[in-house]
A.B. asks: 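The structure under discussion is supplied below as structure tokens; questions concerning it will follow.
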Amino acid sequence: MADKKKSRQRIEPSFSSGRERIDDGFNAGERVVGSRRSAKTYYQEPEPDEDEDEDEPVVQRPRRARSRRKPARRARPRRGFFGFIRSTIYWGLVLCLWAGIGLAGLVAYYGSRMPSASTWSIPERPPNVKINDLDGTLLANRGTTGGEAVALGDMSPYIPEAIVAIEDRRFYSHFGFDPIGLGRAVVTNVLTGHAVQGGSTLTQQLAKNLFLSPDRTLERKVQEVLLALWLEHKYTKDQILTMYLNRVYFGSNAYGVEAASRRYFNKSAKDVNLGEAAMLAGLVKAPSRLSPARDPAAAEARAQLVLQAMHDQGFISEADIKTAMSQPPTRSKSYWTGAENYVADMVMDQLPKLIGSDIKEDLIVDTTLDMSLEEKAEKALEDVLAKDGKKLSASQASLVSVDATGAIRALVGGRDYAQSQFNRAVTAKRQPGSAFKPFVYTAALEAGLTPNSIRNDMPVKIGNWAPENYEQRYSGPVTLATAVAQSLNTVAAQLVAEVGPDQVIKVARRLGIESDLQANASIALGTSEVSLLELTSAYATFMNGGFKAAPHVITKVTTASGKVLYQANTDNPQRVLNPDIVANMNAMMAGVIAYGTGKAARIPGWQAAGKSGTTQSFRDALFVGFTSHLTTGVWFGNDDGKSMRKVTGGGLPAKAWKEFMVAAHKGITPTPIFGGGQIIDNGLPMAQAPNGDQPTTIGNIISGIADGGQVVQQPTLQQRPIQPQTVNQTAINEDPQDLPPANLADDTNPYSSYPYDSGDIPPADIGDNGVPVATARPHRSSLLDVILGR
């Protein structure tokens, strides 16, 4: 029974794979249309229901029904052109959305690496030092920027117009970042195939210059934009443009329009014309490559592009362009030029010592320099070098001119500052040669001698040193005045031996020589090195009547706000020489110009006094002299110490000295030098010539040792009749055409006994250290020879 019952249970085949069967064989959504015979079955996919549970069982139709009828395919809509546009817009928006999200993330990340915006501030512009001359005219700017800041309203209006036209034409309309300008730059650069335009705004450039490094990274670019937005929020457009123009680099160490205008055009930014403004604006793109000091043609071509951009923006007209392009091209030297820059460098060296600290703010320095005299001094040196420098192997020269107080009125440190910034008037130290002899004779006068004292000009040996005169000529007994005028080395050596080298050094120190001086006999011929500035200032003591003339160039230092940091005081100079000694020294040095080695330095109508100096082998030649108005020293030579061709102090230096002094004294009423060129004797004791009982050799007289080795006394002093020898130089110099004849009558020339031939090269004053004793040429028997038994 059980088996029967089990056999009645029939298992029907199923196509539902275990899922629910649909007995009628139709799926939901199917319908019959028409009669049973002609009825057609259509299959339709059910519409998705968003609320339908995804876990509901899926109803499938029987596999047999599917095999009988193929379901109709879903018709795809045709997109067409507008469909493509819609898709492009859609996906473009999607990409923009994601790009915006990514950009926001980058901005947030790089912004987080910056300091808090509350701490942002404009860094101080590096301090500038404005250096003015005696009249307040600008000499130079010194500092990191090379120029002072200028307000937008004070500079030429062409400058901001040119900068905006070529660098950021939408400056006054954007908000610090200019998407339109960036897009335009990208398109232009793609079309031209290379970088023609930049996408950074002036505000972005300022932000980069103020805060960021020049590294080209994404981080720096993002930070640049953020800082530009901050600048635009905090400052006005004009303030941003002013900061930009006063800080942007224009090449050749010039930061800001004022420094660049001075550097390239030697004028202030307020005086720049259209063509010059276009050139400055063109430099911003590539300051070093486009600098007119390096490539004038490239600078000019770039300036023309700027002019066209200004025209396109409506700043200028076609006529303005033609006028600007008709101007001669700018030619700039590779470095700052002009002798006044030597003075500017000197000022910067002295400033820390005067104000007591490093320079931390803008300063204004007033100096003693007279720019008119500075230009005359530079011209005088160049004229002489251009005419005779090459043929006489003289390549360099320097000049210093001071007044009675030691104030520097003119200083030229070399032939061309643009070629060499080494200051040969201040920094260089060289042997002064016989230009040092006035200190020797001053010491002798202080020891009791006078210009009428007699010494024998003859070969002399002091230890192992045997000085000699030029061409080995000797004159026998001569006065000290004659010895100074003719620069007799043997007499100067005798005086040093008499008074002692230490006493000579003391005199030089009192008058302002600070360099190291060697206390030996050869100091008589200036073998110790000094600077031209200290030597010239020491001569100013003779000019002013015996007061120390400390050289100085700075009179006052103030801040930009007017606070006085330093004020020079020269009201109470120290007296260092007796007035009578000064008068006698001036009279003797006047003879140098009137009748001696400095005849080439005569100034028509003016009394003048001075001394020439020439070192061994003609390596250095100097002339230092003065009138009642100025004291001036001139040096000629070569930086490498190469010998010149017989150039003495009475040659090229005296000629340059005269040219400068004539120009400097033009329009000034002549006045006599201190003492009037008169020798003051007034019964002062004179050195008596030795008698026959004293040693018979000049070497023994100098050393004070008799033939037998006994110490002897120096020549005794006694009263002598006054023998005035005056130098009426004003009368001598009345002829402005040429120098007076060399062979003057004996009654007018107290030095006419000196036997030398006048020529283009006056007698030199060369001494040598350690040379053999020169053989004296035959000379006339003198009274001293008779006394000495010769």
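Residue numbers run from 1 in the order of the sequence given. Quantities reported herein were computed from a predicted structural model and do not represent experimental measurements.
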A.B. asks: Assess, by modelled atom type and distance only, whether the side chains of T631 and T536 contain a donor and an acceptor separated by less than 3.5 Å.
C.D. replies: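 No.
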A.B. asks: Test L535 against V624 for side-chain contact (heavy atoms from CB on, under 4.5 Å), laying out the working first.
C.D. replies: CA-CA 8 Å; L535 183 64; V624 187; 3.9 Å; yes
A.B. asks: Classify the angle between the aromatic ring planes of H665 and H629 as parallel (below 30°), tilted (30 to 60°) or perpendicular (above 60°).
C.D. replies: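 Taking H629 first and then H665, their aromatic rings stand perpendicular (interplane angle over 60°).
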A.B. asks: Salt bridge (Lys or Arg N to Asp or Glu O under 4.0 Å) for E446 and K506? Distances and angles first, verdict last.
C.D. replies: CA-CA 12 Å; E446 289 184 340; K506 288 180 181 179; over 6 Å; no
A.B. asks: Please assess V426 against E534 for the test side-chain contact (heavy atoms from CB on, under 4.5 Å), listing each intermediate value before the final yes or no.
C.D. replies: CA-CA 8 Å; V426 178; E534 59 184 340; over 6 Å; no
A.B. asks: Would Y441 and K437 count as a side-chain contact (heavy atoms from CB on, under 4.5 Å) here? Give the steps.
C.D. replies: CA-CA 6 Å; Y441 283 91; K437 287 179 180 176; 4.1 Å; yes
A.B. asks: Do any N or O atoms from the side chain of S537 and from the backbone of L533 form a donor-acceptor pair under 3.5 angstrom?
C.D. replies: yes
A.B. asks: Between E468 and R473, does any NZ, NE, NH1 or NH2 come within less than 4.0 Å of an OD or OE carboxylate oxygen?
C.D. replies: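 Judged by the 4.0 Å cut-off on N to carboxylate O distance, R473 and E468 do not form a salt bridge.
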A.B. asks: Is R430 salt-bridged to D620, going by a charged N under 4.0 Å from an acidic O?
C.D. replies: yes
A.B. asks: Applying side-chain hydrogen bond (donor to acceptor under 3.5 Å, both in side chains) to T597 and S612, what does each step give before you reach the verdict?
C.D. replies: CA-CA 7 Å; T597 59; S612 59; 2.7 Å; yes
A.B. asks: If we ignore hydrogens and angles and just use 3.5 Å, is the side chain of S628 paired with the main-chain N or O of T671 as donor and acceptor?
C.D. replies: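 A pair under 3.5 Å: yes.
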A.B. asks: Taking the side chain as C-beta and beyond, is there a heavy-atom pair between T479 and P451 under 4.5 Å?
C.D. replies: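 Not in contact.
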A.B. asks: With distance as the sole test, does Q431 use its side chain to make a donor-acceptor pair with the main-chain N or O of T527 at under 3.5 Å?
C.D. replies: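 Yes.
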A.B. asks: Ignoring hydrogens and geometry beyond distance, is a side-chain donor-acceptor pair present between K642 and S393 at under 3.5 Å?
C.D. replies: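 S393 and K642 do not have a side-chain donor-acceptor pair below 3.5 Å.
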A.B. asks: Run the ring-centre check on Y342 versus Y417 and record whether the distance is less than 6.0 Å.
C.D. replies: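 Yes.
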A.B. asks: If you measure only the distance, is there a donor-acceptor pair under 3.5 Å linking the side chains of S643 and S617?
C.D. replies: no
A.B. asks: For the backbone of G641 and the side chain of N638, can you confirm whether one donor and one acceptor N or O come within less than 3.5 Å of each other?
C.D. replies: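 No; judged by distance alone, with no hydrogens or angles, the pair does not exist.
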A.B. asks: So, S522 and N520: side-chain donor and acceptor under 3.5 Å apart, yes or no?
C.D. replies: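 There is such a pair between these side chains.
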A.B. asks: Measure from the side-chain N and O atoms of N584 to the backbone N and O of I680, and report whether any donor-acceptor pair falls under 3.5 Å.
C.D. replies: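 Indeed, once roles are kept as given, a pair shorter than 3.5 Å links the two residues.
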A.B. asks: Between the main-chain N or O of N489 and the side-chain N or O of N469, is there a donor-acceptor pair closer than 3.5 Å?
C.D. replies: yes
A.B. asks: Is any NZ, NE, NH1 or NH2 atom of the basic residue among K655 and D383 found under 4.0 Å from an Asp or Glu carboxylate oxygen of the other?
C.D. replies: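 No, K655 and D383 are not salt-bridged.
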A.B. asks: Please assess F623 against T632 for the test side-chain contact (heavy atoms from CB on, under 4.5 Å), listing each intermediate value before the final yes or no.
C.D. replies: CA-CA 8 Å; F623 189 87; T632 301; over 6 Å; no
A.B. asks: Let me confirm one number: the CZ-CE distance from F439 to M585, rounded to the nearest 0.5 Å.
C.D. replies: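 The CE atom of M585 is 9.0 Å from CZ of F439, to the nearest 0.5 Å.
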A.B. asks: Distance only, no hydrogens: is a donor on one side chain within 3.5 Å (strictly under) of an acceptor on the other, for T614 and T648?
C.D. replies: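 No pair is found: no donor N or O on one side chain lies under 3.5 Å from an acceptor on the other.
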A.B. asks: Give the intermediate values and the outcome of side-chain hydrogen bond (donor to acceptor under 3.5 Å, both in side chains) for residues S434 and S487.
C.D. replies: CA-CA 7 Å; S434 290; S487 195; 3.2 Å; yes
A.B. asks: Answer yes when E498 and R455 have at least one side-chain N-carboxylate O distance shorter than 4.0 Å, and no when they do not.
C.D. replies: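 Between R455 and E498 there is a salt bridge, with a charged N closer than 4.0 Å to a carboxylate O.
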A.B. asks: Can a donor-acceptor pair be found, under 3.5 Å and without considering hydrogens, that links the side chain of N456 to the backbone of M458?
C.D. replies: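 Between the backbone of M458 and the side chain of N456 there is no qualifying donor-acceptor contact (under 3.5 Å).
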A.B. asks: Give a yes or no on whether the backbone of A443 and the side-chain of Q503 come within a donor-acceptor separation of less than 3.5 Å.
C.D. replies: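 Absent.
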A.B. asks: Could you tell me if K429 and S515 have a donor-acceptor pair between their side chains, going purely by distance under 3.5 Å?
C.D. replies: yes
A.B. asks: Set out, in order, the CA-CA distance, both residues' side-chain angles and the distance that settles side-chain hydrogen bond (donor to acceptor under 3.5 Å, both in side chains) for K548 and T541, then state yes or no.
C.D. replies: CA-CA 5 Å; K548 185 174 182 178; T541 301; over 6 Å; no
